[in-house]
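Notes for the one structure printed next.
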Amino acid sequence: MAVSEQGPSAIELRDVELSLGRGAARVHILKGVSLAIAEGQATGLTGPSGSGKSTLLMTMAGLERPDSGLVKVAGQDLGALGEDELAVFRGRRIGIVFQSFHLVPTMTARENVALPLELAGAADAFERAAAELRNVGLGHRMDHYPAQLSGGEQQRVAIARAVATDPAILVADEPTGNLDEATGRSIVDLIFGLRRERGGTLVLVTHDLSLAAACDRTVRLRAGRIETPADAPQTAPVA
Ligand code: ADP
Ligand code: MG
């Protein structure tokens, strides 16, 4: 067996192929993606619009299943899990932040953050949700509904929700894409600050070059393929 020279991989993808849509609208999006992301690493995922960044991120997060290939997160082969097991695994081990926040509109900030904790069976979900909201600077907005919050505040709630269960990996898809520059910067500071505080592995889709530069490493996608495969796992040796 080959001995890895790096630490254990938090995320490993091997020969991932993925198509979405039906019939004539079917699109071959990921075309043989192999990638290893070490534990604790912050990776910036860049590439032109339509290159497959969101699809790749959702595949890492277990929200999309590949047509073929391996997706391993925190040592777990996601393909080996049934839908219910995968949902449980996701809820406990993977935090997800979207560009458009995706908060539950009928729940307060505190209820939104408590939700994944309750699903994970935490008895003190509401107390922990309050602590998470204070930690992102929203102690004074606990009982507000998403529509009563600014975009930046909504993204803070979404980040508090994503990290509440102390996930092994945090993925964020253009988390500053819907925010003005100053607010976006404060969100970036928050994400990197939480990372310093708690560790964990971060994968961040971004168009912002300064944000990508703040990561340990950048991976660039083009038309469903990785352009910088320096850390891709070894495939079969060339004869
Ligand atoms: P990016 O995030 O890099 O902009 P996406 O992963 O969102 O790229 O999409 C990659 C390509 O796949 C795009 O051409 C997009 O139109 C297409 N696509 C995304 N989702 C679907 C879907 N559900 N059905 C069909 N095509 C899709
Ligand atoms: Mg996208």
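Counting starts at 1 for both ligands and their atoms, following the listed order. All residue numbers refer to positions in the sequence shown, counting from 1.
Near G21, the atoms of ligand 1 lying under 4.0 angstrom from a non-hydrogen atom of the residue are 24 (N), 25 (C). Which parts of ligand 1 touch T55 is read off a 4.0 Å heavy-atom cut-off, strictly below it: atoms 5 (P), 6 (O), 9 (O). Using a 4.0 Å cut-off to heavy atoms of V27, the atoms of ligand 1 that qualify are 26 (N). Applying the 4.0 Å criterion to heavy atoms of P48 picks out, from ligand 1, the atoms 3 (O).
Taking the charged nitrogens against the carboxylate oxygens, R14 and E12 do have a contact shorter than 4.0 Å, which makes a salt bridge. Between D208 and R185, no side-chain nitrogen of the basic residue sits less than 4.0 Å from a carboxylate oxygen of the acidic one, so the salt-bridge criterion is not met. Remark: K53 does not engage D173 in a salt bridge, criterion side-chain N to carboxylate O under 4.0 Å. In summary, R161 and E118 do not engage in a salt bridge, as defined by a charged side-chain N under 4.0 Å from a carboxylate O.
Closest to atom 22 (C) of ligand 1, if we only count protein heavy atoms, is L20 CB, 3.5 Å. Annotation: atom 7 (O) of ligand 1 to nearest protein heavy atom, S54 CB, 3.7 Å. Atom 11 (C) of ligand 1 has G50 O, 3.6 Å as its closest protein atom, hydrogens excluded (heavy atom only).
Checking only distances, G52 does come within under 3.5 Å of ligand 1, N or O to N or O.
Atom 26 (N) of ligand 1 is flagged as protein-proximal [any protein heavy atom, distance under 4.0 Å]. Within the 4.0 angstrom cut-off, atom 15 (C) of ligand 1 has no protein heavy-atom neighbours.
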**Request:** Could you check Q41 against D216 for side-chain hydrogen bond (donor to acceptor under 3.5 Å, both in side chains), going step by step and ending with a plain yes or no?
**Result:** CA-CA 6 Å; Q41 199 173 45; D216 301 317; 5.6 Å; no

**Request:** Begin with the C-alpha distance, continue with both residues' side-chain angles, and end with the deciding distance and a verdict on side chain to side chain contact (heavy atoms under 4.5 Å, CB included) for V203 and I169.
**Result:** CA-CA 8 Å; V203 184; I169 75 164; 5.8 Å; no

**Asked** Can you list the steps and then say if R65 with E83 is a salt bridge (Lys or Arg N to Asp or Glu O under 4.0 Å)?
**Response** CA-CA 10 Å; R65 283 190 191 265; E83 288 307 319; 2.9 Å; yes

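Side-chain contact annotation: E197 with N135, donor-acceptor N/O pair under 3.5 Å present.
Any protein N/O/S atom under 2.8 Å from the Mg ion (ligand 2) was counted, giving 1 altogether.
By the criterion of a heavy-atom distance under 4.0 Å, the side chain of I29, and not its backbone, is placed next to ligand 1.
Cluster membership for L179 and L170, using ILVMFWY side-chain heavy atoms within less than 4.5 angstrom, is shared.
Few gaps surround CZ on R26; more than 12 heavy atoms of other groups in view lie less than 6.0 Å from it.
Annotation: salt bridge (charged side-chain N to carboxylate O under 4.0 Å, His left out) contacts involving residues 136-148, sequence neighbours excluded, comprise R141-E153.
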